[in-house]
Amino acid sequence: MNTLSLWFHKFGSPPTFYRLSRLLCPWLFAAACLIGAVGLYAGLVLAPADYQQSDAYRIIFIHVPCAWMSLFAYIFMAANAFIAVVWRIKISEILAMTSAPVGAMFTAVTLLTGAIWGKPMWGTWWTWDARLTSELVLLFLYLGVIGLYSAIEDRRQAARAASFLGLIGIVNVPIVHFSVNWWNTLHQGSTVRLLGPSRIDASMLWPLLLMALATHIWFFASVLARSRTSVLEQESGKEWVREIVQAQGVRHG
Amino acid sequence: MHSQATADPVPLLSARALAFSRNEEPIFGPIDFSLHAGEVVLIEGDNGSGKTTLLKVLSGLLLPSSGTIELHGEALTMSRLSQQVALMGHLPGLKADLTALENLEFSIGVFGLRAGNTPMLALASLGLQGYEHVAVRLLSAGQKKRVALARLLLVPAALWLLDEPYANLDKEGIDLVNRLLEAHARRGGAALITSHGAYAFTSGSPRRLPLRPAA
Amino acid sequence: MHSQATADPVPLLSARALAFSRNEEPIFGPIDFSLHAGEVVLIEGDNGSGKTTLLKVLSGLLLPSSGTIELHGEALTMSRLSQQVALMGHLPGLKADLTALENLEFSIGVFGLRAGNTPMLALASLGLQGYEHVAVRLLSAGQKKRVALARLLLVPAALWLLDEPYANLDKEGIDLVNRLLEAHARRGGAALITSHGAYAFTSGSPRRLPLRPAA
Amino acid sequence: MRYGTLGSACAALIRRDLLLTWRRRGDALNPALFALMVVALFPLALGPEPNQLMQIAAGIVFVAILLASLLALDALFRSDYEDGTLEQIVLSPHPLPVLLACRIGAHWLTTAVPLILVAPLLAEMLHLPSTVMPVLMLALAIATPLLSLLGAVCVALTVGMRRSGMLLALLVLPLYVPVLIFAAGACNAAQAGLPFLAPLLLLGAGLALALVLVPLACAAALRISIS
Amino acid sequence: MRYGTLGSACAALIRRDLLLTWRRRGDALNPALFALMVVALFPLALGPEPNQLMQIAAGIVFVAILLASLLALDALFRSDYEDGTLEQIVLSPHPLPVLLACRIGAHWLTTAVPLILVAPLLAEMLHLPSTVMPVLMLALAIATPLLSLLGAVCVALTVGMRRSGMLLALLVLPLYVPVLIFAAGACNAAQAGLPFLAPLLLLGAGLALALVLVPLACAAALRISIS
Ligand code: HEM
Ligand SMILES: Nc1ncnc2c1ncn2[C@@H]1O[C@H](COP(=O)(O)OP(=O)(O)OP(=O)(O)O)[C@@H](O)[C@H]1O
Ligand SMILES: Nc1ncnc2c1ncn2[C@@H]1O[C@H](COP(=O)(O)OP(=O)(O)OP(=O)(O)O)[C@@H](O)[C@H]1O
Ligand SMILES: [Mg+2]
Ligand SMILES: [Mg+2]
């Protein structure tokens with residue numbers, strides 16, 4: 001056992017995880033909603049209209065954070081999948097599997113908002129541009145992971161198999177990100193940079209960053225909430241779960 | 001649970017606190033047992049008590065959730081394990097489109113050959129003379145089982161793990177399995193066989209290892 | 001071959017010179033037998049002797065190559081046959097993703113319901129209370145077999161054809177099957193069951209119908 | 001003693017199939033996803049020029065939907081065969097063709113309807129002119145039941161075999177060819193501004209015929225292949 | 001007492017696979033027939049203008065071959081799994097990745113090579129210019145082993161399941177996308193008179209990588225899915 005897996009065994013033990021996530025989840029959801037509301041207000045109302053695209057551009061405040069999240073969620077999933085496959089740590093299996101549907105949702109929203117935005121901008125809902133295609137492949141990869149996970153009866157075996165598949169798909173993530181640089185495409189090049197100056201006006205930048213923050217928090221809240229139910233389901237035979245169920249039964253009457 | 005003291009000090013196979021669980025549900029509880037050369041042990045248990053699972057764990061197909069398995073008193077590695085142990089599962093492991101002989105030759109290529117035996121001899125000793133060049137597809141269920149048993153005679157493994165070797169066999173077939181087991185034990189081999197209560201291991205009185213669901 | 005004279009003059013089922021062949025090869029020879037209400041007959045034979053095939057012929061799944069089958073002394077038509085005869089084959093005929101109750105309701109929709117019985121009662125009488133709403137997928141092999149048996153209790157058919165009902169059952173399961181068979185016979189039903197030599201029909205001493213390969 | 005009526009048997013069968021689909025509703029999306037992927041392969045293989053794609057859009061949509069329903073055919077009788085339910089259905093006291101017609105209808109509902117629903121998306125991805133869309137949908141509405149029916153006969157013939165995937169494809173595809181010609185032909189005609197009703201009417205006539213004959217053929221084929 | 005060597009094990013495995021293919025040599029033609037049928041669907045669906053077909057010929061040949069090898073994948077481990085041979089192979093005393101590499105190689109020989117051989121015919125049916133033919137064959141020679149290898153990992157992951165056909169397609173197709181893009185891209189470039197070597201070199205690099213990594217991944221995946 002190396003230090004990493006020791007750490008996981010300590011903090012990632014299902015009961016600890018359950019209690020921690022029960023504590024955190026409501027706060028995270030609340031924070032995500034609050035920051036999201038501020039970001040949306042700033043983006044949709046306060047930020048000035050674009051000189052080229054007038055108000056159509058405002059969909060950026062949903063499209064771009066969701067697009068970032070679709071990639072981030074995959075990386076998060078793959079990291080957990082790696083731990084799950086190599087060290088067989090249960091919490092990582094669960095985290096990887098619960099982040100897949102959330103990531104798939106973000107990917108779908110990205111595709112949808114992109115298509116909606118594409119109609120006024122490019123005059124078509126869809127083109128076979130490298131970024132669009134690779135993002136579509138990303139959705140397929142998420143769906144493959146979800147499908148494989150739900151097709152196998154044994155939860156842990158299913159999680160390991162699906163994690164394995166997810167790991168193979170990670171090659172697609174850099175392709176999505178760098179596709180605008182590697183191939184000349186219709187899609188916007190990178191405009192927001194962490195290092196160096198961004199090619200976007202500050203009045204548009206800060207609502208965008210707020211939205212990005214909100215989606216990140218939402219992602220973690222949602223993954224934690226889903227994982228909590230998974231943990232309960234998978235550990236349903238264990239003593240600590242019975243205690244919780246009993247305690248809740250008493251509370252509910 | 002069930003452990004016998006015998007003359008031979010180093011058992012061929014020994015399991016300590018061996019347990020396996022699936023989906024966090026224990027399939028079979030921690031069990032301890034050892035198996036010496038020349039022994040045939042019958043694992044008894046109801047449907048779903050984990051007999052098949054136990055054999056898969058012992059053969060290395062599944063990793064135990066806890067506990068240790070030792071071969072000849074040493075912790076096992078996968079490649080040593082598969083030289084010493086032969087598993088005959090529910091499925092015959094035969095290609096229907098190959099002949100009996102071709103099937104055996106494939107398994108010799110992969111697993112090696114026990115000294116002083118040949119596929120023809122093994123088939124003959126199971127009463128399959130004349131069927132060597134018949135596609136397995138055309139053999140009856142009982143004859144297929146015999147080809148699978150012939151493979152056991154050929155591989156060098158000293159420990160046989162047989163999952164329900166009597167299932168779907170008629171009386172003659174059951175006798176045959178018993179004779180093979182006795183001969184193998186006399187040669188210094190050992191075998192672990194499963195059966196649910198309905199069958200009887202007719203000859204002799206083998207040691208029995210009862211298996212109850214852990215939950 | 002094997003024909004008994006009994007009190008009841010019109011047998012439930014009678015076969016005259018019944019034979020079946022596949023690819024011009026006879027599978028079972030011409031056999032004659034009759035089955036009266038209240039009787040349970042055990043068809044015995046080695047692997048491949050044609051037991052399963054005989055049941056399929058009697059249930060109407062296969063057409064006999066020669067000979068006649070009569071139900072209540074009348075030549076049979078397909079739809080009368082399937083109202084009178086229930087077959088339980090090697091396969092359970094259950095949908096793994098439906099619950100036990102849903103499976104039974106489907107079979108009632110297709111086959112009808114015996115007077116004075118309900119799915120819940122049938123499941124309860126087989127010791128499956130509390131499992132009515134559990135997906136069959138999650139049941140153990142033994143419990144699945146019980147659900148399949150519950151279906152037999154529900155359908156109106158008077159004649160049961162059971163193919164190896166004891167296979168893969170533990171002792172308790174075997175007793176259960178025997179009790180069901182006795183109750184069915186007492187109610188005026190009849191049953192034809194197959195088994196290869198290894199199993200024993202433990203209770204009573206049923207009539208036996210030996211089957212030998214025709215070739 | 002209550003013997004089931006034919007109505008109750010059909011209702012039980014359809015209810016069961018819908019219930020099974022609902023229990024595995026994730027899988028119900030698979031044919032549509034597969035069609036989506038196949039459609040996506042073409043722009044990647046041919047290059048993304050919208051004009052070229054537009055020319056061949058209707059044809060590709062049909063080929064994709066045809067392949068998806070081909071793959072979905074396997075589910076028609078196989079699982080019923082493998083768990084023994086098919087034997088029970090064959091032994092039921094009701095006319096087998098009627099029961100099989102219900103089974104095929106339920107299969108069409110659960111696999112082909114999602115395909116029809118996803119078709120506008122597929123067409124849009126290939127830049128099919130929106131004027132052709134109604135014709136495409138109409139052609140699909142007539143063609144997909146025909147595909148399910150024609151496929152059912154082949155499945156009934158191969159159901160006893162293991163690993164029949166490839167063989168099934170080889171049996172089914174030739175039967176699908178006329179459907180493809182008329183359905184895609186109608187769309188191509190509409191796209192070229194020509195009259196497109198004739199092929200659709202022919203398809204409709206074929207469907208009417210198949211609705212009557214296929215259940216009978218299917219019952220005969222099943223009896224052969226499970227014996 | 002003679003324990004088998006790794007060499008004898010690989011030889012036995014390959015010999016067995018070739019023998020099995022020979023015993024069912026009728027079935028060995030199925031993938032090629034399937035590709036032929038898929039290719040034949042296009043002129044029917046799109047209309048027979050040679051110029052239009054020529055434009056899209058290379059792409060369609062690739063899509064057809066890709067779908068055919070997708071359907072053939074099912075045979076890679078399934079029959080071995082169902083009759084228990086796979087368990088025996090996993091339990092053998094030799095390194096599993098090497099044995100699996102032999103199995104995949106034999107599968108490629110028996111399913112993909114017929115596809116490559118039939119490719120000129122397919123291309124001719126779609127009027128592919130004969131100057132592009134050598135590039136097509138070269139691209140196929142590099143792409144098909146890559147398809148077999150990538151597919152093998154997914155098959156290994158799904159081998160324990162019943163009726164995995166559709167799911168397998170959904171897992172495999174995204175992985176096939178890059179292969180398709182580069183292989184068809186090379187042909188399209190050649191057809192347009194542009195340099196076509198770069199995508200082929202990329203494919204070659206991918207193949208080299210896959211040859212090393214896939215057997216390892218396959219072994220790991222198999223161990224997960226048969227447990
Ligand atoms: C269905 C169509 C579309 C898809 C699938 C899509 C996908 C994506 C993805 C995946 C990203 C994140 C890339 C990364 O972080 O590396 C992104 C970012 C972005 N997209 Fe889209 N997009 C679509 C349409 C559009 C349209 C029509 C526009 C506007 C003309 C647009 C503008 C942007 C911008 C400005 C960014 C931020 C770029 C950056 O700062 O990195 N997208 N899109
Ligand atoms: N691949 C699997 N996935 C999930 N559960 C399994 C799997 N294999 C077996 N089980 C479960 O493990 C338990 C033990 O099964 P096992 O097959 O070892 O029992 P057994 O003693 O061999 O029974 P039988 O007498 O029916 O052969 C059962 O409850 C079974 O449902
Ligand atoms: N579908 C089939 N096609 C060809 N031959 C078959 C088929 N089903 C059975 N047979 C053959 O018919 C003969 C009788 O088989 P059957 O299954 O009736 O025997 P059985 O007495 O039930 O045997 P068991 O004890 O193994 O169940 C066997 O030789 C078998 O190989
Ligand atoms: Mg078992
Ligand atoms: Mg039988």
Side-chain angles (χ1 to χ4, degrees), chain A residues 74 78 81-82 84-88 93 96-97 100 103-104 107 128-176 178-179 182-183 185, chain E residues 56 59 63 70 77 81 146-147 149-182 184-185 188-189 198-199 202-203 205-206 209-210 212-227:
Chain A
Y74 203 97
F82 183 77
V85 169
V86 176
W87 291 292
R88 297 174 165 232
E93 288 168 8
M97 288 305 109
T107 314
W128 294 93
D129 151 287
R131 166 159 285 177
L132 273 55
T133 307
S134 54
E135 182 79 357
L136 187 63
V137 169
L138 189 72
L139 180 66
F140 290 156
L141 289 172
Y142 274 125
L143 292 179
V145 169
I146 297 169
L148 188 58
Y149 182 58
S150 63
I152 302 179
E153 195 71 29
D154 183 316
R155 292 341 282 149
R156 300 207 60 183
Q157 187 195 347
R160 279 205 296 279
S163 295
F164 200 91
L165 184 74
L167 275 180
I168 299 172
I170 189 83
V171 281
N172 189 46
V173 170
I175 297 181
V176 175
F178 293 110
S179 51
W182 290 346
W183 293 278
T185 67
Chain E
I56 58 178
V63 171
L70 176 68
F77 296 130
Y81 177 77
L146 203 46
L147 295 181
L149 286 164
L150 290 176
V153 183
C154 295
V155 184
L157 281 174
T158 56
V159 74
M161 292 176 217
R162 321 253 232 96
R163 274 190 307 297
S164 58
M166 194 61 106
L167 182 68
L168 184 64
L170 299 182
L171 301 186
V172 171
L173 282 183
L175 300 186
Y176 278 6
V177 162
V179 183
L180 179 70
I181 292 179
F182 290 122
N188 291 337
L202 269 172
L203 268 188
L209 205 67
V212 177
L213 292 183
V214 161
L216 297 171
C218 235
L222 260 191
R223 284 197 200 278
I224 290 174
S225 65
I226 69 171
S227 75

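Below, chain A is the first sequence line, B the second, and so on; all start at residue 1.
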Student: Using non-hydrogen atoms and a 4.5 Å limit, figure out which bit of E/Leu175 sits close to chain A: side chain, backbone, both or neither.
Tutor: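 For E/Leu175, side-chain heavy atoms alone lie under 4.5 Å from chain A.
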Student: Answer with side chain, backbone, both or neither: which region of A/Ile168 has an atom nearer than 4.5 Å to a non-hydrogen atom of chain E?
Tutor: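 Contact with chain E is through the side chain of A/Ile168 alone.
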Student: Taking all non-hydrogen atoms of both residues into account, name the closest pair between A/Ala161 and E/Ile224 and its distance.
Tutor: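 Closest pair (atom of A/Ala161, atom of E/Ile224, distance): N-CG2, 3.7 Å.
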Student: Please classify the contact between E/Ala217 and chain A as side chain, backbone, both or neither, with a heavy-atom cut-off of under 4.5 Å.
Tutor: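 For E/Ala217, backbone and side chain are both near chain A.
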Student: Between E/Leu167 and A/Ala151, what is the shortest heavy-atom contact and its length?
Tutor: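 Closest approach of E/Leu167 to A/Ala151: CD2-CB, 3.7 Å.
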Student: With rounding to the nearest 0.5 Å, note down the distance linking CG in E/Leu168 to CG in A/Leu148.
Tutor: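 If I round to the nearest 0.5 Å, the distance is 10.0 Å.
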Student: Start with the C-alpha distance between E/Leu173 and A/Phe140, add both sets of side-chain angles, then the distance that settles side chain to side chain contact (heavy atoms under 4.5 Å, CB included), and finish with yes or no.
Tutor: CA-CA 9 Å; E/Leu173 282 183; A/Phe140 290 156; over 6 Å; no
Student: How long is the straight-line distance from CD of A/Gln157 back to CD1 of E/Ile226, given to the nearest 0.5 Å?
Tutor: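 Spacing of CD1 (E/Ile226) from CD (A/Gln157) equals 9.5 Å.
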Student: Rounded to the nearest 0.5 Å, how far does CG of E/Leu170 lie from CD1 of A/Ile146?
Tutor: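 If we round to the nearest 0.5 Å, A/Ile146:CD1 and E/Leu170:CG are 12.0 Å apart.
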Student: Which region of E/Val153, side chain (C-beta onward) or backbone (N, CA, C, O), has a non-hydrogen atom less than 4.5 Å from a non-hydrogen atom of chain A, or is it both or neither?
Tutor: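 When you check distances to chain A, only side chain atoms of E/Val153 fall under 4.5 Å.
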